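Heads up: the structure comes next, in structure tokens.
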Amino acid sequence: MIADVVFDIPLARSFSYALPDGMSVGVGQRVSAPLHGRARVGMVVAVREGEAVGLRAVERPVEAAPILSQAALDIGRWAAEESLSSLGSTLLSLVPPLPPARASEPIAPAPSLHAGPPILPELWTGVQRHAELVNALRETRAALVIAPDRDGAARWAERLEAARLDSGESPSARRAAWLAAARGRARIVVGARSALLVPLPPPATLVLLDEHDPAHKPPGAPRIHSRELLVRRAAIEGSRLLLLSATPSAESWWRADDHQYRRRAHGTDPWPEIATGDTRGILRNHPLTLPLTRAIEDTARAGGKTALIVTRRAATLLCLECGHVFRCPDCGVALPYSRKEGLLRCPLCARAEPLPERCPGCGGHRLGPLGWDAERIEASVRRRFPKLTVSRTDPRSQVLIAPPGILRALPPASLGAVGIVALDSVLGAADFRGGERAFALLWAAAEATGPRGRVIAQTLHPQHYAIEAAQAQSRPAFYRQEIKLRAELGYPPFRRLCAVSVRGKSEGEARALVAECAHAVEGVPGLIVYPPALRAPGAVLARWQFVIKGPAELPRLLAGPLGPFLERRRRRAGMVEVEMDPI
DNA sequence: AGCACGCCGACT
DNA sequence: GTCGGCGTGCTC
């Protein structure tokens, strides 16, 4: 017998080994086998009859039974193709930690392939969505809940009294939870991305929490959005899939419009007032506008807490007189600017312009970034409110300065006020998701304050459609506008993007290699290949990048031309990285 | 002649 | 990704 094994290496192909007499391994089982003269752990993807002439032998199985089903392997193969990654690196990032050597674990029954009739995924919004989820999971026989991060997994494991599969748990506990789920002994398991393929007895319910969260597609393997993998898994297994989000991604909202998902709104949230604070000419000297200052005072007087939400440093160029944002005329994205480089450079196309002296809108010449980080804000707030307790870490303080994630971690309606210090740093982010992120942040702030609280968004764009839709508590108003813009500019869900970046020891080397990559895809019909641009100028490692826009079958179109560059990264003193559907 | 380094192919 | 072969070129 011959076993075909894939390893965590950037090679598409599998390696064939002889199975010694008496050794029985199955598809979806990890084995140790010699590669390059050394024993390495890989995953069996096929077992077949055949003369094992000239093949080396599998050394040993590293676990007693398969941990992935044939269906899971098929999903892994699909995910690898979708993301232009190797099957081995994809699969081996979607399995539990290795057992300690010579451990004798109870043998889990080999998970089997189950197929039921396909059910439409459900997109759950509304303030009661979490309570409804707890209800729905009471009935279910087997459920997998995927959180965007470890903190979320920890909160939900506690709330659902479920076992954890994510890296916040010890390796042995993760393995135990995996095996228990496979044997139908753990009714509900909670994890992050590494748990996406855990076997479950049918009929299973799959849940994705905070569907819109970019943490569902972090850098690194598996290079696929958790949502896309679960949609695929649910379709193959016939599982019910619940996508939860107060503010879904525009992609998912559009799919619901398109009847690919079923939309369910669980409750209408009682809504707070969402006010704006005009930062024109203010943020240079103070981080807080008058409305936000008043909200802190009033809230403290009433015995409540205020959270000041700090997003990352603003890195786009704004006119401080009229609020004009410098955007690329071709791509529509706000332009990040580097004082050091002295240029406005579009991250998508290569368009670069010198820093303008004046605002083309109002002729004003007070241009600059808005950069208030958490430390500066804390110091400034302490000066302004010496009698209040102010902290970046202690949730009991009267003024809490924290990143947006804090809104999820606090109980709903637990805050008297939420101030978003610089909504423009979200709106003007150098990608096409600025509107979506701003809307999500405003909505999360409104949910965290509850109907009697106040949300103050500091911005130069009080009339932005994301703000007006949040004020009106209208998801349809936001998505109508957002989806229209995506269609006009050719962004997801209407077109797909792929980012190719090359890091090299010198700028010249990286440039030459990135040009080769771009040249390789230029002949493919139906694609827009943007010219390569230098990212992170002046960094130790030069990084050139270009973006490809294309149709739904983009990964299939790119596999041929880009394949050779992916298999031979370190050659030519450059590392080629390909990111499908970058977030 | 002897050795260090880096490029490049190969890995079952 | 990682290893080792082997060519180049430097040093003793």
Side-chain angles (χ1 to χ4, degrees), chain A residues 1-63 66 68 73 76-77 79-81 83-95 97-98 193-194 218-224 500-517 520 540-543 559-580:
Chain A
M1 297 291 277
I2 294 173
D4 293 327
V5 179
V6 292
F7 296 89
D8 182 13
I9 55 179
L11 289 181
R13 69 174 178 279
S14 59
F15 294 80
S16 301
Y17 294 86
L19 273 181
D21 288 341
M23 185 190 290
S24 152
V25 299
V27 159
Q29 190 169 2
R30 279 177 293 189
V31 296
S32 174
L35 185 69
H36 230 121
R38 270 194 341 169
R40 292 192 56 170
V41 171
M43 164 119 359
V44 177
V45 294
V47 177
R48 55 196 168 89
E49 305 269 351
E51 282 295 305
V53 182
L55 296 183
R56 314 187 72 167
V58 170
E59 189 196 47
R60 61 181 180 93
V62 300
E63 49 215 338
L68 292 180
L73 251 55
R77 189 167 280 115
E81 284 167 11
S83 60
L84 300 166
S85 313
S86 76
L87 179 57
S89 66
T90 303
L91 286 178
L92 289 162
S93 65
L94 290 168
V95 287
L98 287 168
R193 287 163 63 67
S194 60
R223 296 175 161 275
I224 187 103
V500 179
S501 68
V502 173
R503 269 186 299 255
K505 279 192 286 283
S506 77
E507 242 174 57
E509 277 174 346
R511 213 224 117 88
L513 184 50
V514 84
E516 263 187 84
C517 294
V540 182
L541 283 181
R543 190 169 138 231
L562 289 182
F565 295 98
L566 288 166
E567 293 216 348
R568 303 178 301 167
R569 325 184 149 199
R570 266 203 8 219
R571 306 232 177 143
R572 272 179 270 231
M575 304 246 298
V576 178
E577 203 174 282
V578 174
E579 177 81 4
M580 271 304 305

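First the proteins, then the strands, lettered A, B, ... as listed; each starts at 1. Quantities reported herein were computed from a predicted structural model and do not represent experimental measurements.
Between Pro34(A) and Tyr17(A), some side-chain heavy-atom pair lies under the 4.5 Å cut-off. Looking at Glu577(A) and Arg223(A), their side chains come closer than 4.5 Å, going by heavy atoms from C-beta outward.
Using a 4.0 Å heavy-atom distance criterion, Arg13(A) is classed as a base contact. Counting any heavy atom pair closer than 4.0 Å across all strands shown, Leu11(A) reaches a base atom.
Residue Leu35(A) contributes atom CG, which lies 14 Å from atom P of dG1(C) at whole-angstrom precision. Distance CG (Leu513(A)) to P (dC7(B)): 14 Å, rounded to an integer number of Å. In this structure, NE2 of His36(A) is placed 6 Å from C1' of dG4(C), rounded to the nearest angstrom. The interatomic distance linking Glu509(A) (CD) with dG6(B) (C1') rounds to 12 Å, in whole Å. Between Glu51(A) atom CD and dT12(B) atom P there is a gap of 20 Å when expressed in whole angstrom units. Atoms CZ (Phe7(A)) and C1' (dT12(B)) sit 8 Å apart, rounded to a whole Å. Rounded to whole angstrom, the span from the CZ atom of Arg40(A) across to the C1' atom of dC11(B) amounts to 9 Å. As a whole-Å value, the separation of Tyr17(A) OH from dC11(B) P is 11 Å.
Of the residues Leu68(A), Val5(A), Leu87(A), the one that meets the side-chain contact (heavy atoms from CB on, under 4.5 Å) test with Val45(A) is Leu87(A).
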Give the C-alpha distance, both sets of side-chain angles, the deciding distance and a yes or no for side chain to side chain contact (heavy atoms under 4.5 Å, CB included) between Val514(A) and Phe565(A).
-> CA-CA 10 Å; Val514(A) 84; Phe565(A) 295 98; over 6 Å; no

